[in-house]
A.B. asks: 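Let me begin by handing over the structure; questions about it come next.
Keep in mind the model is a prediction, meaning the values are calculated, not measured. Convention: sequence-line order gives letters A, B, ...; per-chain numbering from 1.
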Amino acid sequence: MIELKDIYKIYSDGDSEIRALDGVSLFVDKGEFVAIVGSSGSGKSTCMNIVGCLDIPTSGKYFLNGNDVSELSEKELAHIRNRELGFVFQQYNLIPKLNVLENVELPLLYKGVKAKERKQMAMMALERVGLADRANKFPSQLSGGQQQRVSIARALAGNPPVILADEPTGALDSKTGKEVLEFLKQLNSEGTTVVLITHDNDIAAQIKRVVRIHDGKIVSDETKEGN
Amino acid sequence: MNLKQAFSLALKSLSGSKMRAILTMLGIIIGVAAVIIIVSLVNGVTSDLVAQFEKMGSTTINVSIMGRGGNRSVSIDDMQDLVNDNPKLLKAMSPSITLNGATTKNGSLNVNPATLAGVNEYYADIKGHEILYGRGLQYADSEYRLRNCVIGTYVANELFGSKNAIGQSLKINGITFDVVGVIDETADSKEASADDIVLIPYTMAQKITSGFSRGTYIFNAASKEVSSEAQSLIEDYLFKVFASENAYRVSNMSEMIDTINEMTGTMSLMLACIAGVSLLVGGIGIMNIMLVSVTERTREIGIRKSLGATPWDIMSQFVVEAITVSCLGGLIGIALGIIGSYGVGAIMDMKAVISFVSIFISFTVSALIGIAFGYFPAKKAARLNPIDALRYD
Ligand SMILES: Nc1ncnc2c1ncn2[C@@H]1O[C@H](COP(=O)(O)OP(=O)(O)OP(=O)(O)O)[C@@H](O)[C@H]1O
Ligand SMILES: [Mg+2]
């Protein structure tokens, strides 16, 4: 359902140019759990942003559910971000002046869900990440790990078929990192497609399919047998 | 996201920075208040003037005869015949023979009345004079050239002080007149006002001015509705007599009221335009703040877009916020404008007449300013590329 075909992302800075993505082709099927691994600056986030319809490739085609994303209007892209994808950012990206519940409600708000139902669904998502009791707190009143869980709750509040997580464990200690990973695994087992960026090999080792990126190119794509 | 949500979002964001919101609104508040105060004070002045002229009677028609030599002339009897022959158009007529510069004396006390005229018994009715003491001029006063006069309250106060003026006598150009009536005050008994008046029988005035060739008359039309028809009648008659439009002048009070309304209307429009400029400045203030707020919230916009906000969602969020600021400012401005109108009116001893049109217009204008000046920053926010917005610091 996610299909990247020969994607280039080139940042030109005067005379020098940076090839953040240098001919990437990738296919992720429904229900897969894929880890994207690579050193810092290798192009992982760039790749994820394109998959998340937040960024546009310099060249190449991206098909989501068979539709060519480059042909969609801003409004249609917004709908895809809203209904098809749940994005978990490395830096949480919560809105500081909204409380936890309001943050989690945001994707539902843009989906047009009515206030009462919206609140229920957001509370359910918060319960799943174990933060229902912090619903009225503000992001600044939570720890980093809790904020990350809120951002996960926000990503899954609308039950999107795909979760994209850009180093969700990066800022967490290994114990909470594991908890987050377990949670994503559970979501995957319920049928959600998960794409996870990490540079932690311990984490990558637990995931069935690992795609390695180096200097904007995919250098390996391995799927373990069994689990 | 619907408008209600956009509105509650806007209120939330405004209450998050109250001081800034108030400062932003200040331009609009001052602009709206200024428009309302200016328009209501000018309105007050206009309605005062119009009321005064209406009291004089919009059915009043003034006629001045300049004459053109030869044997073409009209007499007082001709004018009275005009009234008698056209009862449907004209109610009454009085000559008004002014004695310019004549001093009115009581011993060493003297006044120069603003109006010193020889009139007949209908004059009081035409002018709407109420008699305070004594009686008005009567047919017999003119017929027998009685040396009687009726005076205004200013003249009574000046010449006779607190004494009862009735039965007292005064001298006009050396001729002694008896005061038979005092006209009720209409203008606070001020000098040079309608209360600064002495009326004598017109036959006496004719005698003093020795003849009455170039005269003025005052007519009363039968009703407001026929006043211009009555005016034409007089004009036609005078044209027949003089065969020249330059020999006479006929003017109607309702024409003058129209002129006043026109003049003050132009004035209030001009002043309102000046006040409108401050509304514009207020609008630019809003735009400035909205631009700052868009820049400050670039990251928030990026987050919202990454979660599925459409350009329209972002746009409506900022436009609604701008409209909320400007409308709130407009409402506060209206309240201040109404209070200020009465306040300034009281201080400057002017009547304030609140104009709902000016309230409506200034509120609409401030809402439009919100849309117009909020649109550009909102458009800018809506166009942001999500990933650039997310990276913004
Ligand atoms: N907006 C930009 N302008 C210029 N160069 C950019 C921009 N964004 C990314 N790059 C460059 O593209 C390359 C890939 O960046 P990217 O953020 O995808 O790396 P990453 O693999 O996510 O690294 P990390 O693990 O540190 O997050 C880097 O060399 C980076 O400098
Ligand atoms: Mg990255």
A.B. asks: B/Lys305 versus A/Leu77: any side-chain heavy-atom pair under 4.5 Å?
C.D. replies: no

A.B. asks: Do other residues, nucleotides or ligands put more than 12 heavy atoms under 6.0 Å from the CZ atom of B/Phe376?
C.D. replies: no

A.B. asks: Please check if atom NZ in A/Lys97 has more than 12 non-hydrogen atoms from other residues, nucleotides or ligands closer than 6.0 Å.
C.D. replies: yes

A.B. asks: Got more than 12 heavy atoms from elsewhere within 6.0 Å of CD, A/Glu190?
C.D. replies: yes

A.B. asks: Between B/Arg299 and A/Ile95, is a side chain to side chain contact (heavy atoms under 4.5 Å, CB included) present by the stated rule, with each step listed?
C.D. replies: CA-CA 9 Å; B/Arg299 240 183 112 83; A/Ile95 295 178; over 6 Å; no

A.B. asks: Could you walk me through whether B/Leu307 and A/Lys111 pass the side chain to side chain contact (heavy atoms under 4.5 Å, CB included) test, one step at a time?
C.D. replies: CA-CA 9 Å; B/Leu307 298 174; A/Lys111 201 172 180 176; over 6 Å; no

A.B. asks: Can you tell me if A/Phe138 has over 12 outside heavy atoms packed within less than 6.0 Å of its CZ?
C.D. replies: yes

A.B. asks: Does B/Pro386 reach the side chain of A/Arg81, with side-chain heavy atoms less than 4.5 Å apart?
C.D. replies: yes

A.B. asks: Hey, is OH on A/Tyr11 packed in by over 12 heavy atoms from elsewhere, all under 6.0 Å?
C.D. replies: yes

A.B. asks: Any ion pair linking A/Glu74 and B/Arg383 (charged N to carboxylate O, less than 4.0 Å)?
C.D. replies: no

A.B. asks: CG of B/Leu23: more than 12 outside heavy atoms within 6.0 angstrom?
C.D. replies: yes

A.B. asks: Which distance, rounded to the nearest 0.5 Å, do you find between the CD1 of B/Ile303 and the CG of A/Leu106?
C.D. replies: 8.5 Å

A.B. asks: Between A/Ala78 and B/Ala309, what is the shortest heavy-atom contact and its length?
C.D. replies: CB-O, 3.6 Å

A.B. asks: In sequence, state the C-alpha distance, the side-chain angles, and the governing distance for A/Asn93 and B/Leu390, and then conclude on side chain to side chain contact (heavy atoms under 4.5 Å, CB included).
C.D. replies: CA-CA 8 Å; A/Asn93 278 340; B/Leu390 277 171; 3.4 Å; yes

A.B. asks: Side chain from CB out, backbone as N, CA, C, O: work out which of these in A/Glu102 comes under 4.5 Å of a heavy atom of chain B, or both, or neither.
C.D. replies: side chain

A.B. asks: Measure A/Leu94 against the heavy atoms of chain B and call it side chain, backbone, both or neither at under 4.5 Å.
C.D. replies: backbone

A.B. asks: Is it the case that atom CZ in A/Phe183 sees more than 12 heavy atoms from other parts of the structure closer than 6.0 Å?
C.D. replies: yes

A.B. asks: Does atom NZ of B/Lys351 have more than 12 heavy-atom neighbours, drawn from other residues, nucleotides or ligands, at distances under 6.0 Å?
C.D. replies: yes

A.B. asks: Need one label for A/Arg83: side chain, backbone, both or neither, based on atoms under 4.5 Å from any heavy atom in chain B.
C.D. replies: neither

A.B. asks: Nearest 0.5 angstrom please: A/Cys53 SG to B/Ile387 CD1, how far?
C.D. replies: 11.5 Å

A.B. asks: Could you check B/Thr310 against A/Tyr110 for side chain to side chain contact (heavy atoms under 4.5 Å, CB included), going step by step and ending with a plain yes or no?
C.D. replies: CA-CA 8 Å; B/Thr310 61; A/Tyr110 291 122; over 6 Å; no

